[in-house]
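Values in this document were obtained by computation on a predicted structure and should not be read as measured data. Just follow the structure's listing: the first ligand is 1, and inside any ligand the first atom is 1. All values below come from the heavy atoms of this structure, side chains included, with hydrogens, waters and symmetry mates left out.
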Amino acid sequence: MTGIGTAEWVMARCDDLTRHSSRFDALERVYLSPEHAAANMAVRTWMLDAGLDTETDAAGNIWGRRAADGRPQRPGTEGEPALVLGSHLDTVPDAGRYDGMLGVVLAIAVAHRLRDVTLPFALEVVGFSDEEGTRFGKALLGSCAASGQWDPAWWDQADADGVTLREAFARFGLAPERVGDAARRPEDLVGYLEAHIEQGPVLESENLPLGYVTSIAGARRFVLTITGEARHAGGTPFARRRDALVAAAHLVTRIEELAKAADCLATVGDLHVQPGAVNVIPGRAELTLDLRGRTDAGRDALWDQIAAAGQRIAAARGVTFEVSETHRAPSTTCADRMTAAVAAGIAEATGTPSDTGAAGAAAPSDTVRGLWSPAGHDGMAMDAVTDVGMLFLRCRDGISHHPDEHVETADVGVALDAYTAAVLALARAHPGVEPAPLAESVETLGEKAR
Ligand SMILES: [Zn+2]
């Protein structure tokens with residue numbers, strides 16, 4: 001078998017994890033399921049092989065840890081503050097095999113490569129238990145627990161079978177009243193560094209294997225309701241109609257125009273028409289709207305334009321327009337020192353000239369691609385307790401949340417080098433560390449892994 005620190009090992013472990021699925025015909029692994037427990041067990045074994053001691057926390061997240069000097073160390077024990085690497089192990093229904101899992105397995109491989117290297121901080125790897133929110137409709141449950149943001153209001157949320165989150169905890173062998181034990185303290189953390197597939201086409205279109213993330217967009221979500229009048233489709237001339245669906249159709253195309261002009265993303269993902277009969281003019285149309293932007297200010301300005309457009313279209317067509325906001329999350333800006341380290345790691349791994357300097361503490365290189373993430377990630381929750389950075393890998397055709405999700409082994413190899421180099425850049429830039437205490441280069445570490 002190929003060695004634990006290699007790209008081939010990472011790809012094979014992502015394949016292994018597809019076994020832990022609730023469906024025979026597809027990959028689906030949700031929070032607090034038997035598959036979740038099985039995936040945690042598999043990951044635990046690999047963590048032990050990589051020289052980490054392990055622990056499942058009070059919210060079902062799996063953690064591995066080594067001390068600064070490289071000794072395996074129980075997560076949650078007293079010790080040096082830790083740099084946390086990782087991602088999530090849960091999936092959407094009919095998922096691909098890389099979204100989340102790749103980041104966990106890469107982190108384990110990086111820990112293995114660095115097992116003989118003394119660092120100025122402890123190193124931890126986490127496999128978060130719930131990022132997608134597939135089972136209970138609330139995303140980031142695992143990382144919200146780890147960042148001390150658990151909301152007791154979530155306990156009574158139920159899955160499709162009516163099992164509440166509280167009941168699911170008990171069935172998984174977790175004690176709901178102890179969920180607070182999963183919370184990490186800011187003083188125990190150095191930062192959170194995650195590798196993830198891009199889930200978009202930017203890197204592929206620019207022929208780049210890797211990029212660093214500048215910010216993670218926070219979405220705003222709305223239900224837009226247009227109310228007109230349901231009437232006979234045969235007996236009502238156009239001049240007398242107050243057609244809610246035609247107004248909605250105009251609004252949907254206007255939303256796309258406005259979002260493109262604002263360089264934001266806007267999606268009407270659901271449209272429900274009443275009464276919904278072939279011979280009745282629609283009296284009511286309900287639309288969902290999801291808005292994402294590089295910055296919260298840009299996203300909010302777009303929303304103001306959409307709301308004004310909705311009012312104008314409604315007035316012109318004799319219908320009413322009402323809005324209700326159902327979700328609002330702030331965007332997360334990756335910390336300068338984390339993006340600088342990731343950019344330095346990419347520059348080293350890809351041979352790109354870097355202006356970040358040896359300490360990795362300057363601004364990110366403008367020769368390495370930075371991009372914002374329209375998709376949400378665990379870093380949005382972890383940002384509450386520590387600095388966040390992310391490394392993106394090119395994925396084929398930008399496809400994600402789909403079984404065709406794919407990354408190239410060669411890109412995973414470059415990502416391993418870049419991820420390892422980013423950890424070393426953070427180590428060099430760590431307060432109190434003299435320049436260049438880390439003799440081994442990333443290439444040497446990679447060779448040793450093979
Ligand atoms: Zn993900």
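For the Zn ion (ligand 1), the nearby protein N/O/S atoms, meaning those under 2.8 Å, are H88 NE2, D99 OD1, H196 NE2.
H88 and D130 share no side-chain donor-acceptor pair at under 3.5 Å.
Between L17 and V105, the closest side-chain pair of non-hydrogen atoms falls below 4.5 Å.
What you find for G148 and A183 is that their closest heavy atoms are CA-CB, 3.6 Å. Among all heavy-atom pairs drawn from R66 and L114, the shortest one is NH1-O, 2.6 Å.
Taking the charged nitrogens against the carboxylate oxygens, R221 and D290 do have a contact shorter than 4.0 Å, which makes a salt bridge.
A cation-pi arrangement is absent between R328 and W303 under the rule of less than 6.0 angstrom and at most 45 degrees off the ring axis.
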